[in-house]
Amino acid sequence: MDPARRRSLVDVALQEGGVVSVATGTTRARVLDRLRLGDLAFRHLTRAAAVGVLLLLSGVILSLIIGSLPALKTFGFGFLVTEKWNPVTEKFGALAAIYGTLVTSFIAMLIAVPVGLMIAFFLTELCPLWLRRPIGIAIELLAGIPSIIYGIWGLFIFAPFLQETLQPFLINTLGQVPGIAPLFAGPPYGIGMLTAGLILAIMVLPFITSISRDVFEAVPPVLKEAAYGVGCTTWEVVRYVVLPYARVGVIGGVMLGLGRALGETMAVTFVIGNAHRISASLLAPGTTISASIANEFTEAVGDLYTSSLIALGLILFVITLIVLALARYMLLRIERRIG
Amino acid sequence: MILSLAATAFGLGWLVLILGALLWHGFGGLSPAVFAEMTPPPGASGGLLNPIIGSLILTVLAVAIGTPIGVLAGTHLAEYGRYDRLSSVVRFINDILLSAPSIVIGLFIYEVMVAPMGHFSAFAGGVALAVIVIPVVVRTTEDMLTLVPNALREAATSIGLPRSMSITRICYRAARAGMVTGVLLAVARISGETAPLLFTSLNNQFWSSATIFGIEVPNLNAPMASLPVVIFQFALSPYKDWQSLAWTGALIIMLAVLALSITARSLVPSGRQS
């Protein structure tokens with residue numbers, strides 16, 4: 001055979017890739033060496049990038065801890081349980097912001113979970129096939145709307161609307177019921193905790209819907225068919241077959257939505273009112289951790305003020321970290337069961 | 001059952017309401033001046049030229065930084081260390097980063113870049129957005145590479161291709177559409193991000209430029225305006241003309257996001273993107 005044809009396929013492939021031209025004898029060995037080196041380099045490069053992702057998260061945590069040290073040193077544990085937030089006297093406490101974050105997220109989940117689950121039921125059980133895809137896409141579009149748009153819409157459209165309709169209605173009905181009256185007391189400002197909670201509900205709705213839908217679709221059809229076979233109604237199938245089977249996944253999806261709601265910034269900042277106090281009334285303005293940071297960080301004067309805001313960020317990150325980790329763990333469990 | 005129908009109508013109703021409001025308030029302001037003039041002081045007329053360009057630059061920066069890292073990390077997860085212990089940890093961490101509050105990312109970049117440098121800069125904004133891009137790209141790259149049939153890898157190895165080449169020349173090519181989708185989704189995600197930019201790239205009423213070798217280039221070391229931050233500032237202002245510019249800006253972002261997600265969807269013919 002002539003030398004040109006004796007070349008191995010490596011060389012051919014190399015030529016195709018335009019890496020080297022002709023390679024014989026020692027040059028060939030050198031080329032192979034170079035390839036081995038390149039291979040090793042690429043392998044380690046990808047590994048470094050993967051480790052980089054790890055470092056990113058630890059970097060976030062570390063920088064937040066370092067940044068919040070001055071505040072935590074000054075206020076100690078009291079930071080978590082003090083409501084007072086006074087930049088002038090440099091007395092800071094996170095309680096009002098933590099309270100606002102939890103309350104708005106709670107309102108959001110209270111509305112978004114049942115509605116999201118029902119949409120998921122509709123999509124998997126009732127919806128005609130040709131409608132499933134368009135509705136699914138619409139729900140995903142809702143998820144894709146940037147939060148700044150929810151914010152501007154909430155400020156100019158939704159809040160005034162609530163101020164004129166829902167809030168007076170709540171004050172006149174639920175506000176008169178003994179026991180829960182303080183929750184709905186006070187003038188209808190439009191902006192406030194309730195409005196923020198409602199907007200958050202709209203924002204997390206698509207997340208809960210799409211994950212629940214995926215989980216429901218993973219329920220083995222034979223289970224549902226068996227249930228229908230013994231004469232169950234659609235509701236009974238959903239209640240006693242689909243929901244128990246999909247429970248872990250649904251909870252995972254809900255936690256994921258909760259993680260979103262807790263950390264959501266812009267939409268809330270627009271409509272919460274940024275008042276560092278805890279009011280019994282849901283209609284009153286309040287603040288959340290993320291809204292406080294967004295509103296005040298660039299204007300914060302003095303190390304202690306900045307540090308307190310970073311400490312708020314640390315608290316938020318720790319809360320969401322726990323929620324998200326739980327969510328992922330639950331979703332992982334259901335993934336293992338399916339696949 | 002009627003309840004679930006009502007719930008669906010309720011959910012979709014918001015989409016219609018929000019898009020309708022955007023068109024109603026934003027469309028009127030959509031004129032050539034918006035794309036040709038700088039942001040005005042209150043009371044004067046102007047456009048959104050500098051925030052639009054700023055947003056584009058920040059996005060390009062973020063993609064340029066975030067995509068290579070994300071693709072490489074995704075490659076490791078899918079190719080070299082598919083069953084590693086390290087990989088399962090990275091996967092978990094990546095999922096958490098994927099939904100970490102973006103304002104915290106802003107704080108992080110403030111701590112590591114803005115504070116040491118002593119001033120806000122477009123570069124810091126780009127890096128902050130890159131931190132958001134990375135997990136999205138890692139996730140889609142891994143998913144798409146996992147879908148590449150093993151037969152392709154085996155064929156490549158059997159003709160003596162080194163592993164790195166079989167990945168870059170064969171697997172990347174097979175998974176290209178999906179990986180591009182991932183980048184597009186990431187761009188859609190960051191194009192509306194405001195929180196991480198508030199204290200990294202800040203805002204800029206004007207246009208900062210630097211001169212390098214006699215050519216005027218945008219100054220990445222200075223604060224830079226971006227659409228979301230300008231919307232935030234203008235919408236909360238008491239001035240009517242600023243507010244209407246904010247609506248127009250919101251409409252532009254929404255159209256961009258819609259276009260991006262439709263393109264991303266059309267690249268992947270079947271299957272859902274989450």
Side-chain angles (χ1 to χ4, degrees), chain A residues 8-10 13 17 35 38-39 42-43 45-47 49-50 52-54 56-57 59-60 63-64 67 115 118-119 121-122 126 135 138-139 141-142 144-149 152-153 155 157 202 205 210 234 256 259-260 263 265-266 290 293-294 297-298 310 313 316-317 320-321 324-325 328, chain B residues 1 3-5 7-8 10-12 14-15 18 21-22 69 72-73 75-77 80 86 89-90 92-97 99-104 107-108 111-112 131 134 138 159-165 169 188 192 194-195 198-199 202 228 231-232 235 246-247 250 253-254 257 261 274:
Chain A
S8 88
L9 278 164
V10 173
L35 277 182
D39 209 30
F42 187 72
R43 190 195 174 103
L45 208 61
T46 65
R47 201 182 163 80
V53 173
L54 277 185
L56 207 56
L57 189 77
V60 171
S63 74
L64 287 180
V115 175
M118 276 195 278
I119 298 179
F121 284 138
F122 179 75
L126 299 170
I135 293 185
I139 295 285
L141 281 185
L142 200 60
I145 298 179
S147 65
I148 183 99
I149 292 188
I152 189 172
W153 178 79
L155 179 68
I157 313 270
I202 304 173
L205 184 65
S210 69
T234 314
L256 214 58
R260 276 273 141 155
T265 310
M266 294 327 289
S290 48
I293 303 174
F297 196 81
T298 43
I310 295 178
L316 173 68
F317 196 56
T320 45
L321 210 63
L324 291 175
R328 289 299 170 189
Chain B
M1 290 307 114
L3 219 58
S4 75
L5 186 68
T8 310
F10 177 79
L12 296 184
W14 296 119
L15 185 67
I18 293 173
L22 271 180
I69 300 178
L72 285 176
T75 308
H76 183 81
L77 296 185
Y80 288 116
L86 171 75
V89 176
V90 171
F92 192 77
I93 297 294
N94 191 61
D95 277 351
I96 286 181
L97 274 179
S99 26
S102 54
I103 188 131
V104 172
L107 283 180
F108 165 58
E111 279 288 296
V112 298
V131 175
I134 290 172
V138 170
I159 60 164
L161 268 192
R163 188 83 182 268
S164 61
M165 281 195 149
R169 299 279 162 81
T194 321
L198 283 175
F199 22 84
L202 202 70
I231 294 173
F232 179 55
W247 274 110
I253 289 188
M254 192 64 226
V257 170
S261 45
S274 60

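These numbers were taken from a predicted model, which means no experiment stands behind them. Order of the sequence lines sets the chain letters (A, B, ...), proteins ahead of strands, with each chain counted from 1.
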> How far apart are the closest heavy atoms of B/Met254 and A/Pro146, and which atoms are they?
Replying inline: SD-CD, 4.2 Å
> Closest approach of B/Ala100 and A/Leu324, non-hydrogen atoms and distance?
Replying inline: N-CD1, 4.2 Å
>> Tell me which of these, A/Ile202, A/Leu126, A/Ile157, has more heavy-atom pairs under 4.5 Å with chain B than the rest.
In response: A/Ile202
> Side chain, backbone, both or neither: which part of B/Val90 has a heavy atom under 4.5 Å from chain A?
Replying inline: both
> What part of B/Leu198 gets closer than 4.5 Å to chain A, counting heavy atoms only: side chain, backbone, both or neither?
Replying inline: both
> So, for A/Val53 and B/Ile93, which heavy atoms are closest and what is the spacing to 0.1 Å?
Replying inline: O-CG2, 4.0 Å
>> Is A/Arg47 close to chain B through its backbone or its side chain, or both, or neither, when contacts mean heavy atoms under 4.5 Å?
In response: both
> Can you say whether B/Leu3 sits under 4.5 Å from chain A via the side chain, the backbone, both, or neither, judging by heavy atoms?
Replying inline: both
> Among A/Thr298, A/Leu57, A/Ile149, who wins on heavy-atom pairs under 4.5 Å with chain B?
Replying inline: A/Ile149
> Can you say whether B/Leu12 sits under 4.5 Å from chain A via the side chain, the backbone, both, or neither, judging by heavy atoms?
Replying inline: side chain
> With a 4.5 angstrom heavy-atom cut-off, which part of A/Leu155 approaches chain B: side chain, backbone, both or neither?
Replying inline: side chain
> For B/Glu111, which of A/Leu64, A/Ile310, A/Val60 qualifies under side chain to side chain contact (heavy atoms under 4.5 Å, CB included)?
Replying inline: A/Ile310
> Which class fits the ring pair A/Phe297 and B/Phe199: parallel under 30°, tilted 30 to 60°, perpendicular over 60°?
Replying inline: tilted
>> Ignoring hydrogens, what is the shortest heavy-atom contact between A/Ala50 and B/His76? Give both atom names and the distance.
In response: CB-CD2, 3.8 Å
> Is any side-chain heavy atom of A/Trp153 closer than 4.5 Å to a side-chain heavy atom of B/Leu22?
Replying inline: no
>> Does any backbone or side-chain atom of A/Ile293 lie under 4.5 Å from a heavy atom of chain B? Answer side chain, backbone, both or neither.
In response: both
> Which atoms form the tightest heavy-atom contact between B/Phe10 and A/Val115, and what is the distance?
Replying inline: CD2-CG1, 3.7 Å
>> Please identify, among A/Leu256, A/Leu321, A/Leu205, A/Ile145, the residue contributing the most non-hydrogen atom pairs under 4.5 Å to chain B.
In response: A/Ile145
> Is it the side chain or the backbone of A/Ser210 that comes within 4.5 Å of chain B heavy atoms, both, or neither?
Replying inline: neither
> Is there a side-chain contact (heavy atoms from CB on, under 4.5 Å) between A/Leu316 and B/Val104 once you walk through the steps?
Replying inline: CA-CA 8 Å; A/Leu316 173 68; B/Val104 172; 4.0 Å; yes
> Which pair of non-hydrogen atoms, one from B/Leu107 and one from A/Gly313, has the smallest distance, and what is that distance?
Replying inline: CD1-CA, 3.8 Å
> Which is it for A/Leu54 and B/Leu86 under the side-chain contact (heavy atoms from CB on, under 4.5 Å) test, yes or no, and what are the steps along the way?
Replying inline: CA-CA 9 Å; A/Leu54 277 185; B/Leu86 171 75; 3.7 Å; yes
>> Between B/Ser99 and chain A, with a heavy-atom cut-off of 4.5 Å, which part of the residue counts as in contact: side chain, backbone, both or neither?
In response: both
